[in-house]
Amino acid sequence: MKILRTPRELREAVREARLRGESIGLVPTMGALHAGHVSLVQAAKRDRCWCIVTIFVNPTQFGPNEDFSRYPRDEAGDLARCDAAGADAVFLPEVADMYPPGSATVVSVRGLTDHLCGPARPGHFDGVATIVSKLFSLAQPDRAYFGEKDAQQLAVIRRFARDLDFPIEIVGCPTVREADGLAMSSRNRYLTPEARQRALTLSRALHAAEARFAAGEREVATLAAEIARILAEGRPTKIDYASIVDAETLQPVAGRIERRALVAVAVWFERTRLIDNVTLVP
Ligand code: PAF
């Protein structure tokens, strides 16, 4: 497995892989890798890609009061996990390499960021879209792999990739869960055992909504009430949102669910904000 530290090294490794006739698969991450990330590498390998994992805690997607400085960093553990998962290369740039002095360009996707995490995390998706578009430009992958747990992020990336004509297939991969249903997240490690137990209400609430929907319930108000009831059982510190939105536009659904919808929640337990979602397909 190649370790690449600079954009120049990344470009050179990609050039060599292309000369060998490889397809390039990109797995952008912020490190603190878990089984969800491993599933992205495995998906790239299943697609027979030469798989590059990028590990970069991107400062521009964190708000001033967010967890940038305490975000978990574990380079040795991450490299071992990438190697074991079958990655072919890992790119670990420095902040100064990705944002040299004078960097002034931001990629911003309008509309899709009006709801869900957008209002609670101003600037977050601009930071994500900007760094991912830079990684796309540097690695020029054929495919790029992202988890469906970050459903709004995935929608934003699909949209700017299309709008900016990146010839890249964006592959969404299913959320990987712990045995008890908690969606895998690098931030789960912040949870105390007690808060972790309370956090199981996220997946329980979403699962209950799915079950009611499968049994024929289509009223947003009824599903939302069931979700709110179960989330409250976890005594959350704060609920940023528990929303049912159109899966395409991410605009709130009113009345009945007639099209593919996303049920998405963002909930705080002490200082930790967790998100999760399920898709409902009529
Ligand atoms: O999902 C993440 O880990 C990050 O938002 C991403 C896509 C790597 C961009 O920094």
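Start at 1 and go down the list; that is how both ligands and their atoms are numbered.
For Arg18, the salt bridge (charged side-chain N to carboxylate O under 4.0 Å, His left out) partners are Asp142, not counting sequence neighbours.
The ligand atoms of ligand 1 that sit less than 4.0 angstrom from a heavy atom of Pro28 are 8 (C). Interface of Gln61 with ligand 1, defined as ligand atoms under 4.0 Å from a residue heavy atom, comprises 4 (C), 5 (O), 9 (C), 10 (O). Counting the atoms of ligand 1 from 1 in the order shown, those under 4.0 Å from a heavy atom of Ile131 are 9 (C), 10 (O). Near Gln153, with a cut-off below 4.0 Å to any heavy atom, the atoms of ligand 1 are 1 (O), 2 (C), 4 (C), 5 (O), 7 (C). Per-residue contacts place Thr29 under 4.0 angstrom from the following atoms of ligand 1 (heavy atoms of the residue considered): 8 (C).
For residues 91-111, the side-chain hydrogen bond (donor to acceptor under 3.5 Å, both in side chains) pairs, not counting sequence neighbours, are Asn58-Tyr99, Thr60-Tyr99, Ser108-Asp126.
Contact check for Val263 versus Leu223: no side-chain heavy atoms found under the 4.5 Å cut-off.
Crowding of Arg256 atom CZ: a count of heavy atoms from other residues, nucleotides or ligands under 6.0 Å exceeding 12.
Using a 4.0 Å cut-off between heavy atoms, Thr54 makes no contact with ligand 1 at all.
The aromatic rings of Phe160 and Phe136 sit tilted, their planes meeting at an angle between 30° and 60°.
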